[in-house]
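In this text the structure is predicted, and so the values were computed from the model without any measurement. Labels below follow one simple rule: chain letters A, B, ... track the order of the sequence lines, proteins then strands, and each chain is numbered from 1.
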Number of protein chains: 2
Amino acid sequence: MTNEFSAESLSLLKVGDIARRTGKTVRAIHLYEELGLLNPAVRSKGGFRMYRGDGVKRIEWIQKLQDMGFSLTEIKVFLRVWGESATAPKAMATVREIFTDKLRETRETIARLTRLADELSESLAFLEGCRSCDQSQHQRECGGCGRSGPDHEVPLLVDGIAKR
Amino acid sequence: MTNEFSAESLSLLKVGDIARRTGKTVRAIHLYEELGLLNPAVRSKGGFRMYRGDGVKRIEWIQKLQDMGFSLTEIKVFLRVWGESATAPKAMATVREIFTDKLRETRETIARLTRLADELSESLAFLEGCRSCDQSQHQRECGGCGRSGPDHEVPLLVDGIAKR
DNA sequence: TCAAACCCTTACGTTTACGTAAGAGTGATA
DNA sequence: TATCACTCTTACGTAAACGTAAGGGTTTGA
């Protein structure tokens with residue numbers, strides 16, 4: 001057992017504890033501090049960073065935003081904006097704006113990926129026909145086998161690699 | 001008009017022509033060559049890279065794969081695998097495998113993004129309630145206004161920023 | 001033949017989110 | 001008090017996909 005229990009009883013965690021609980025590395029947490037994303041509640045007499053439990057939450061929050069595609073710098077702006085608007089409604093309005101934008105962006109990304117998935121499926125369907133392709137025919141001539149896909153056209157994903 | 005027409009009549013394009021047609025920069029095309037993704041058909045007497053029309057197709061193909069999340073290095077592997085398998089069916093089998101993996105991955109990404117979009121919506125719904133929040137209440141106390149969301153819980157996306 | 005517009009090679013710069021290492025101090029435990 | 005695991009600061013390293021600049025040839029059309 002480590003010293004975590006005694007620290008925990010004082011509800012103070014060292015950087016390593018935070019790291020273990022969030023799956024992040026110590027270095028990452030240091031970085032977040034450099035960027036102003038998370039400061040320790042206090043420092044021990046010897047200079048150790050001591051965090052409260054909400055430090056874990058903050059990091060999970062950061063992780064969430066990262067997953068959403070925010071960069072650490074954007075997250076920093078996020079916090080700054082928050083701190084600057086004195087009233088709750090005003091701050092909330094800004095956050096709402098950012099979230100709305102990101103939601104739109106996320107949906108666009110989903111749409112794009114969906115199209116790509118369709119294209120992949122299409123290409124895979126086309127490639128099915130190659131199973132029975134004449135062994136003697138080399139791939140450089142692929143697409144000229146006359147057995148083109150459903151729409152009688154070689155998908156770009158396949159065509160691009162075959163030629164040359 | 002540039003010299004593109006005369007070159008085109010010989011069906012040879014200079015790197016700048018390729019760049020214009022694909023929206024890539026000359027530097028990018030140089031990079032693709034360094035990585036072995038696209039070689040010019042020939043070099044002019046003076047050393048200019050001269051491409052045939054299919055160079056454009058190759059770059060569009062690269063772009064497509066990049067959109068799908070392949071790195072240039074992965075694309076290189078892609079081409080190598082293709083070149084190494086002598087028969088078409090064998091090559092096709094490998095390509096099919098790669099595509100299948102990527103399709104699964106893409107679908108996972110879509111699922112993840114969908115969850116995030118849901119979370120964003122949820123957070124936005126919660127923030128709606130803040131419109132009428134008491135001005136005098138500072139954001140540091142947000143979440144304690146008693147007017148928590150539908151499930152009477154502050155979403156992590158909001159909670160993470162509010163505390164501290 | 002001359003000039004404008006291109007192109008060539010070489011090579012260092014950029015951004016993001018950490019990784020890694022060095023040298024030294026700290027804290028809880030035996 | 002001796003240890004051993006942890007932590008501190010400082011600072012250079014990394015990977016991807018190009019950007020950018022320098023110094024100098026090449027094409028082409030007037």
Worksheet item: Centroid-to-centroid, F99(A) to F78(A), below 6.0 Å?
Response: yes
Examine [N]: is either OP1 or OP2 under 4.0 Å from a nitrogen or oxygen in the side chain of [X]? Give yes or no.
| X | N | value |
| --- | --- | --- |
| S44(A) | dT7(D) | no |
| T25(A) | dG19(C) | yes |
| R49(B) | dC8(C) | yes |
| Q63(B) | dA17(D) | no |
| Y32(B) | dC18(D) | yes |
| H30(A) | dT9(D) | no |

Worksheet entry | Position toward the 5' end of DNA chain C (nearest nucleotide), I29(A) or K45(A) | I29(A)
Worksheet item: Measuring from L124(A):CG to E119(A):CD, what's the distance to the nearest 0.5 Å?
Response: 11.5 Å
Round to the nearest Å and state the distance from [X] atom [atom1] to [N] atom [atom2].
| X | N | atom1 | atom2 | value |
| --- | --- | --- | --- | --- |
| R27(B) | dT14(C) | CZ | P | 15 Å |
| I75(A) | dA17(C) | CD1 | P | 8 Å |
| E33(A) | dC18(C) | CD | P | 15 Å |
| L65(B) | dA17(D) | CG | C1' | 16 Å |
| K24(A) | dA17(C) | NZ | P | 10 Å |
| L37(B) | dC18(D) | CG | C1' | 13 Å |
| L12(A) | dT7(D) | CG | P | 14 Å |
| I59(A) | dA17(C) | CD1 | P | 15 Å |

Of the candidate nucleotides [options], which contains the atom at the shortest distance from the side chain of [X]?
| X | options | value |
| --- | --- | --- |
| V15(A) | dC8(D), dA11(C), dC6(D) | dC8(D) |
| K14(B) | dA17(D), dG27(C), dC6(C) | dC6(C) |
| A28(A) | dC18(C), dG19(D), dT9(D) | dC18(C) |
| F48(A) | dG25(C), dT16(C), dT9(D) | dG25(C) |
| Q66(B) | dT27(D), dA17(D), dC18(C) | dA17(D) |

Item to complete: Select base, sugar-phosphate, or nothing to describe what L31(B) touches, counting heavy atoms under 4.0 Å on all strands.
Response: base
Discussion item. Checking the side chain of R107(B) only, and the main-chain atoms of A117(A) only, is there a donor and an acceptor separated by less than 3.5 Å?
Written reply: no
Worksheet item: Backbone N or O of A41(A) within a donor-acceptor pair of the R52(A) side chain at under 3.5 Å?
Response: no
Practice prompt. Answer yes or no: is there an ion pair linking E60(A) with K57(A), defined by an N-O contact shorter than 4.0 Å?
Written response: no
Fill in: Y51(A) side chain to K14(A) side chain, donor-acceptor N/O pair below 3.5 angstrom
no
Fill in: G46(B) or F70(B), whichever maps to the more 5' nucleotide of DNA chain D
F70(B)
